[in-house]
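Structure, as structure tokens:
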Amino acid sequence: MKDVEGWGKMNTLQEEALEEMRTAIHKWFEEQEKRIDAEELGKRTTLQIGIFNDVKLDYRPGRTRVDSSKSTGSAAGKKSMKVSPFTREQVLHEVQPVLADFVRERLDKLVTSPLIDYRFSFQGAFATMDGLVELTVLETVYEEKKRQLLERIQSYIENILEKGSNPTKRLETFFLARHLLDPHLFPEPDASRTIALFDRIQKLNKEQVEALAEHRRDIIRALTHWAENVYLPRYFNITRNDYRANEYEIKPDAVLENKDEPNHPIDLLLYGAVMIIRYEPNFSKFRGQTFLELAQQLGSGKATRMLKEGSDSFSHDEVHMRHELVECKANDVFSLFTIVIRKEEAEAYERAIAFILSLLRKGFPKSYKIKLKSSVREYLPIRGLAKSDTHRFFANALAYSELHPLVEEYAREAMVEFEWYEDGEDEKSVMPGSYAVFGLGLSSEQYFPLVEAYMDLVDDEHQLVHDKFTAVFADTYGITERSTSTLIACLLRSHDSLKLKIQPELENQDKLSLFVKHIETLSEEEAERVLYPIWREKLAALARKAQEPRKELLLRLLKAAGQA
């Protein structure tokens, strides 16, 4: 036993454990100090003043490590090779102060280094005799670096955003969005100014579609992190369910002061909710709706209005159209179009489609559904589609041939990969625009290019029903000069479950020859995928038994698929 500064007496196992932690801490710092890219990383943008701000020690006897990633799971909570020599109380009152000194000693040498951010937090997760203990070992703020960073933020806002007119860099948005919502930099965010800056970033980058999506993604992530880790914990107890989703229970003493006054922090929560709903993929939109519902629980009148009428992203005239033939309403919060057909005629559907199309072009959520009130119940002649209101609306509209050009215009706007109509579940899920494309594709050859454009976009890993369309398409048009390339485009997105009954048609020598020429333009993998729904594994046997010249054509198919 011996005395260590800051400690009482330690036994040998405890001395070894402490040394193991010290070694892991020093190893991490030494690795970072040897980085040759630290200076360059610090020069990427003035908005990054340091690389590391959160580091974690996971103590597990014999397997201790230090990691800068907060996403890394705690090793301390896993089974150890050895039993920890510390109690919970020893970690809290004896180990923590000693480790804080270890860390501070290394940090003192890096005050001006680009390795360390203006704020540095060293966390610890410790295996103990009493179970896992997690705590903050050391947290410090470097005031000079903080002052410099605040000056740089202000300079960037004034010179690049407010006075500038050029597109901005994504990395700058990544850091600025987080800084503006960092409670250590801005304890109470200026909601109105922050929202205005986020809008300005989007405006400056509006001409660059892909870049704009990335800027929005970074803004949304920063808002989501602020909401879930800074703002909502003030008013809600937050737990994770089995699906790793947050569950919120309002605190008994939660009071939202001045909730409907201008420039309230809750405006940032509502802004983030709308950004998620409008721009995030369909599977993420529940988070935006949850934020609105939580704001409503806190008594926000604005949130209540948004849940009932939609966000403030559109004017009243844009989301509500009343006519003697039809009435249309739209709620972007629930991604819902409500359409009441008062008189069943082409103009009623024309006005409704134009209403939807206008909103989609103005940023209405790409995944949506239609709630329809109509006396007509048309459906497309394709078995296996959801008998939804959205399906029925477009089937009704397609009955009017004079509307087909407008329906195509709608379809080309509506089609977006990884988005879905919200009233088709599981195996009946379809990409927006599907019903319009299917109906038009079966109505006329002039819409074959539309069908091919659709198949280029469709997410065949998560959608099945286009196989149903493909089967009906093949029955409708067969193998012709015009239809074959479109049919192949459909088959390239098909699944193994599809069985296409066109073998009898391909008994025709001319049609088989035409089909072979198309197949030979494909890669082996593509050819195999196209041929499987037609012949399954029987093509080789059929080729062996066939007579010339059919035998040669079938062998060419096998060769194209790499099976000869």
*Answer yes or no: does atom CD of Glu214 have more than 12 heavy-atom neighbours from other residues, nucleotides or ligands under 6.0 Å?*
yes
*Does Ser434 use its side chain to pair, donor to acceptor, with the backbone of Val430 at less than 3.5 Å?*
no
*asked:* Checking the side chain of Ser335 only, and the main-chain atoms of Asn331 only, is there a donor and an acceptor separated by less than 3.5 Å?
replied: no
*Counting N and O atoms only, with roles assigned by atom type, does the side chain of Ser311 sit under 3.5 Å from a partner on the main chain of Met306, one being a donor and the other an acceptor?*
no
*Do the side chains of Gln509 and Pro549 get nearer than 4.5 Å, heavy atoms only?*
yes
*Does the pair Lys329 and Glu309 meet the rule for a salt bridge (charged side-chain N to carboxylate O under 4.0 Å, His left out), with working shown?*
CA-CA 9 Å; Lys329 295 181 180 179; Glu309 302 174 4; over 6 Å; no
*asked:* Side chains of His215 and Asp218: any donor to acceptor distance under 3.5 Å?
replied: no
*asked:* Atom NZ of residue position Lys468 - does it have more than 12 heavy atoms of other residues, nucleotides or ligands inside 6.0 Å?
replied: no
*Ring centres of Phe448 and Tyr477 under 6.0 Å apart?*
yes
_Quick test of your reading of the model: are Lys362 and Glu318 salt-bridged, counting only N-O distances below 4.0 Å?_
yes
*Short question: side chain of Ser443, backbone of Leu440 - any donor-acceptor pair under 3.5 Å?*
yes
_Gln463 side chain reached by Trp420 side chain, heavy atoms, under 4.5 Å_ = yes
_Salt bridge Glu327-Lys373, side-chain N to carboxylate O under 4.0 Å_ = no
*Are a donor atom and an acceptor atom from the side chains of Thr168 and Asn205 found within less than 3.5 Å of each other?*
yes
*For Arg383, does the CZ atom have more than 12 heavy-atom neighbours from other residues, nucleotides or ligands under 6.0 Å away?*
no
*asked:* Here's one to test your reading of the geometry: is the NZ or CZ of Arg178 within 45 degrees of the ring axis of Phe174 and under 6.0 Å from its centre?
replied: yes
_For Asn396 and Tyr379, which I'm curious about, is there any donor-acceptor pair between the side chains at under 3.5 Å?_
no
*Can you name the closest pair of heavy atoms from Ala177 and Ala222 and give their distance?*
CB-CB, 3.6 Å
*For the rings on Phe334 and Tyr368, is their centre-to-centre separation under 6.0 Å?*
no
*What pair of heavy atoms forms the shortest contact from Leu232 to Tyr248, and how long is it?*
CD1-CE2, 3.8 Å
_Salt bridge check, Glu280 against Lys285: does any charged N sit closer than 4.0 Å to a carboxylate O?_
no
*Ring centres under 6.0 angstrom apart (Tyr410, Phe394)*: yes
*Taking NZ, NE, NH1 and NH2 as the nitrogens, is one of them in Arg287 or Glu228 under 4.0 Å from a carboxylate oxygen of the other?*
yes
*Drop me the distance from Leu223's CG to His225's NE2, to the nearest 0.5 angstrom.*
12.0 Å
*Is Arg240 reaching over with its side chain to a backbone N or O of Ala245, donor-acceptor style, under 3.5 angstrom?*
no
*Any donor and acceptor pair, going by atom type alone, linking the side chain of Ser358 with main-chain N or O of Ala354 inside 3.5 Å?*
no
_If you count heavy atoms of other groups shown closer than 6.0 angstrom to NZ of Lys517, is the number above 12?_
no
*Could you walk me through whether Asp199 and Tyr271 pass the side chain to side chain contact (heavy atoms under 4.5 Å, CB included) check?*
CA-CA 10 Å; Asp199 286 342; Tyr271 180 84; 2.7 Å; yes
*Say whether, by atom type as modelled, one donor and one acceptor occur between the side chain of His495 and the main chain of Ser497 under 3.5 angstrom.*
no
*What is the ring orientation for Tyr454 with Phe438, classed by angle as parallel under 30°, tilted 30 to 60°, or perpendicular over 60°?*
perpendicular
*Electrostatic pair Glu324-Arg342, nearest N-O below 4.0 angstrom*: no
*Minimum side-chain heavy-atom gap Val274-Asp312 below 4.5 Å*: no
_Sole candidate of Leu270, Thr224, Ile220 that passes side chain to side chain contact (heavy atoms under 4.5 Å, CB included) when paired with Met275_ = Ile220
*Taking all atoms of both residues into account, what is the closest heavy-atom pair of Ile157 and Leu180, and its distance?*
CD1-CD2, 4.3 Å
_Looking at every non-hydrogen atom in both residues, tell me the closest pair between Thr45 and Glu172 and how far apart they are._
OG1-CG, 3.8 Å
*Where do Val407 and Leu398 land on the side chain to side chain contact (heavy atoms under 4.5 Å, CB included) test, with the steps shown first?*
CA-CA 8 Å; Val407 174; Leu398 285 161; 3.9 Å; yes
*Any Lys/Arg nitrogen of Asp460 or Arg529 sitting under 4.0 Å from an Asp/Glu carboxylate oxygen of the other?*
yes
*Do Leu268 and Tyr231 have side-chain heavy atoms sitting under 4.5 Å apart?*
no
*Is there side-chain contact between Met455 and His466, with at least one heavy-atom pair below 4.5 Å?*
yes
*Between Gln202 and Arg216: side-chain donor-acceptor atoms closer than 3.5 Å*: yes
*asked:* Has Glu408 got a side-chain atom pairing as donor or acceptor with Tyr447's backbone, closer than 3.5 angstrom?
replied: no
*Residues Phe283, Phe418; criterion ring pair (Phe, Tyr, Trp, His ring centres under 6.0 Å); working and verdict*: CA-CA 9 Å; Phe283 59 80; Phe418 309 129; 9.0 Å; no
*Classify the ring geometry between His320 and His316 as parallel (under 30°), tilted (30 to 60°) or perpendicular (over 60°).*
perpendicular
*Applying side chain to side chain donor-acceptor pair (under 3.5 Å), name anything that partners Arg536, two or more places apart in sequence or on another chain.*
none
*Taking the six-membered ring where the residue is Trp, are the ring centres of Phe337 and Phe393 under 6.0 Å apart?*
no
*Do Val437 and Met415 have side chains that get closer than 4.5 Å, going by heavy atoms?*
yes
*asked:* Applying side chain to side chain contact (heavy atoms under 4.5 Å, CB included) to Lys559 and Leu555, what does each step give before you reach the verdict?
replied: CA-CA 6 Å; Lys559 182 179 179 181; Leu555 287 173; over 6 Å; no
*Flag the pair Leu506 / Trp535 as yes when at least one side-chain heavy-atom distance between them is below 4.5 Å, and no otherwise.*
yes
*asked:* I'd like to know whether Thr480 forms a side chain to side chain contact (heavy atoms under 4.5 Å, CB included) with Leu514, so could you lay out the CA-CA distance, the side-chain angles of the two residues, the decisive distance to 0.1 Å, and finally the verdict.
replied: CA-CA 8 Å; Thr480 68; Leu514 172 65; 5.6 Å; no
*Under the side chain to side chain contact (heavy atoms under 4.5 Å, CB included) test, which residues partner Ala346, sequence neighbours left out?*
Tyr400, Glu402, Leu403
*For Glu505 and Ile479, which heavy atoms make the closest approach, and how far apart are they?*
OE2-N, 2.8 Å
*Taking the side chain from Gln503 and the backbone from Ile534, do they hold a donor-acceptor pair closer than 3.5 Å?*
yes
*Do Ser429 and Tyr421 have side chains that get closer than 4.5 Å, going by heavy atoms?*
no
_Donor-acceptor under 3.5 Å (Ser483 side chain, Gly478 main chain)_ = yes
_Please determine whether the number of non-hydrogen atoms from other residues, nucleotides or ligands lying under 6.0 Å from atom CD of Glu481 exceeds 12._
no
*Do Glu409 and Arg361 sit within salt-bridge range, that is, some charged N less than 4.0 Å from a carboxylate O?*
yes
*Over all heavy atoms of both residues, which pair between Leu269 and Trp226 is shortest? Give the atoms and the distance, please.*
N-CZ3, 3.8 Å
